There are 2 protein chains.
Amino acid sequence: MNIGQAAKISGLTIKTVRYYDNIGLVMAYQDPENQYRVYSKDDIAKLQFIGRARRFGFSIQECRELLSLYQDKNRPSREVKELTLEKLSKIDNKLDELKNLRKQLYRLSKSCSGDDRPDCPILDALASEN
Amino acid sequence: MNIGQAAKISGLTIKTVRYYDNIGLVMAYQDPENQYRVYSKDDIAKLQFIGRARRFGFSIQECRELLSLYQDKNRPSREVKELTLEKLSKIDNKLDELKNLRKQLYRLSKSCSGDDRPDCPILDALASEN
DNA sequence: AAAAAGCTTCTTGTGGCAGGAAGGTAGAGA
DNA sequence: TCTCTACCTTCCTGCCACAAGAAGCTTTTT
């Protein structure tokens with residue numbers, strides 16, 4: 001199967017699939033005649049797997065780890081769960097950060113009349129020491 | 001004032017300050033003798049301003065806009081408020097996204113026993129069509 | 001036969017810097 | 001005077017995860 005088909009089925013773009021080949025994440029067999037990448041069913045499964053993991057917010061590096069765990073039929077499920085919990089905690093941190101930011105920005109926006117007058121507490125806040 | 005002082009006072013790194021000079025965000029006067037960047041009080045104020053705006057999650061481009069609004073004493077506060085509200089809505093979108101992600105990942109992690117056995121619903125979920 | 005779609009490689013750009021190389025400069029201390 | 005340290009400069013590369021596009025093949029369709 002060529003890269004176009006592989007991309008379509010896996011729900012990724014051609015560029016992305018080629019990129020994954022370049023960085024050695026999912027390497028395709030290369031036809032000696034025309035240099036085209038050829039994808040097996042197994043490759044497709046990996047691409048789909050990665051696509052889903054990416055949608056779950058896992059980084060490429062994490063996908064790499066998940067993939068190797070996925071292919072190792074004897075690994076303990078603990079390892080996968082740990083990776084997932086780590087990810088979860090990172091997301092929680094990011095959530096806290098964003099919530100704080102939101103609160104501060106919201107306060108700022110509230111304080112500004114937002115009309116034709118030039119007085120703007122938002123800019124004042126950004127300009128002042130506190 | 002040299003870049004080291006400017007960086008310290010504004011709470012940014014030297015690299016960052018130099019970067020802002022390069023991209024024309026806050027351009028320093030250049031001493032013809034030794035090519036050193038020289039920062040005025042006004043420049044410092046801008047750097048601090050940008051530092052705060054960045055901490056509020058504004059992008060460089062948005063900082064550029066805020067800065068020009070900041071320097072224009074006659075602009076209506078409406079413009080600044082609009083920019084802030086846009087930012088707020090972007091943050092809200094990101095929050096929703098992250099919350100959904102968190103929920104899904106949490107469910108996955110819950111479903112996995114996380115022990116020495118190889119059975120792992122997380123990997124199963126990432127591998128299956130749904 | 002010609003056009004289209006599909007494939008290849010390669011380079012560049014994105015955002016917002018960090019890190020480091022290679023070298024000039026200024027001031028303090030031995 | 002020499003050296004040490006600290007500070008400054010420019011320029012290049014790396015990070016992440018690709019997207020966009022150029023130039024040039026091949027394959028399929030009309």
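The structure presented is a predicted model; accordingly, all values stated were derived computationally and were not measured. All values below were derived from every heavy atom in this structure, side-chain atoms included, with hydrogens, water molecules and symmetry-related copies excluded.
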Residue-phosphate contact under 4.0 Å: A:Thr16 side-chain N/O, D:dA19 OP1/OP2: yes

Protein-nucleotide distance (B:Met1, atom CE; D:dC7, atom P), rounded to Å: 15 Å

Rounded interatomic separation in angstrom, taking CZ from A:Phe58 and C1' from D:dA17: 17 Å

Of the listed nucleotides D:dC18, D:dA19, D:dT9, the one nearest the side chain of B:Ile3: D:dT9

Nearest-angstrom distance from the residue atom CD of A:Gln5 to C1' of C:dC7: 13 Å

CA sep, side-chain torsions, deciding dist, call: B:Ile9, B:Tyr39, side chain to side chain contact (heavy atoms under 4.5 Å, CB included): CA-CA 11 Å; B:Ile9 294 183; B:Tyr39 287 87; over 6 Å; no

A:Asn2 CG - D:dT28 P separation (whole Å): 9 Å

Touch class at under 4.0 angstrom, heavy-atom based, for B:Ile23 against every strand present: nothing

Any B:Ser59 side-chain N or O less than 4.0 Å from OP1/OP2 of C:dG15: no

Touch class at under 4.0 angstrom, heavy-atom based, for B:Ile14 against every strand present: sugar-phosphate

Polar side-chain contact B:Lys15-C:dG20 base: donor and acceptor under 3.5 Å: yes

Distance-only polar pair, side chains of B:Ser40 and B:Asp43, donor-acceptor under 3.5 Å: yes

Nearest-0.5 Å distance, OG of residue A:Ser111 to OH of residue A:Tyr106: 11.5 Å

Sugar-phosphate, base or nothing in reach of A:Gln61, heavy atoms under 4.0 Å: nothing

Euclidean distance, atom CD of residue A:Glu33 to atom C1' of C:dC7 [Å, nearest integer]: 14 Å

N/O donor-acceptor pair under 3.5 Å between A:Asp115 side chain and A:Arg117 backbone: yes

Protein-nucleotide distance (A:Asn22, atom CG; D:dA19, atom C1'), rounded to Å: 14 Å

Cluster link A:Leu83 to A:Ile50, ILVMFWY, side chain under 4.5 Å: yes

Touch class at under 4.0 angstrom, heavy-atom based, for B:Gln30 against every strand present: sugar-phosphate

Atom-pair distance (CD1 on A:Ile50; C1' on D:dC18), nearest Å: 14 Å

Whole-Å distance separating the OH atom of A:Tyr19 from the P atom of C:dT12: 18 Å

Sugar-phosphate, base or nothing in reach of A:Arg18, heavy atoms under 4.0 Å: base

Side chain to side chain, A:Val80 and B:Cys112, heavy atoms closer than 4.5 Å: no

Single-linkage hydrophobic cluster, 4.5 Å side-chain cutoff, B:Met27 and B:Leu67 together: no

Any residue of residues 34-45 of chain B with a heavy atom less than 4.0 Å from an atom of DNA chain D: B:Gln35, B:Tyr36, B:Arg37

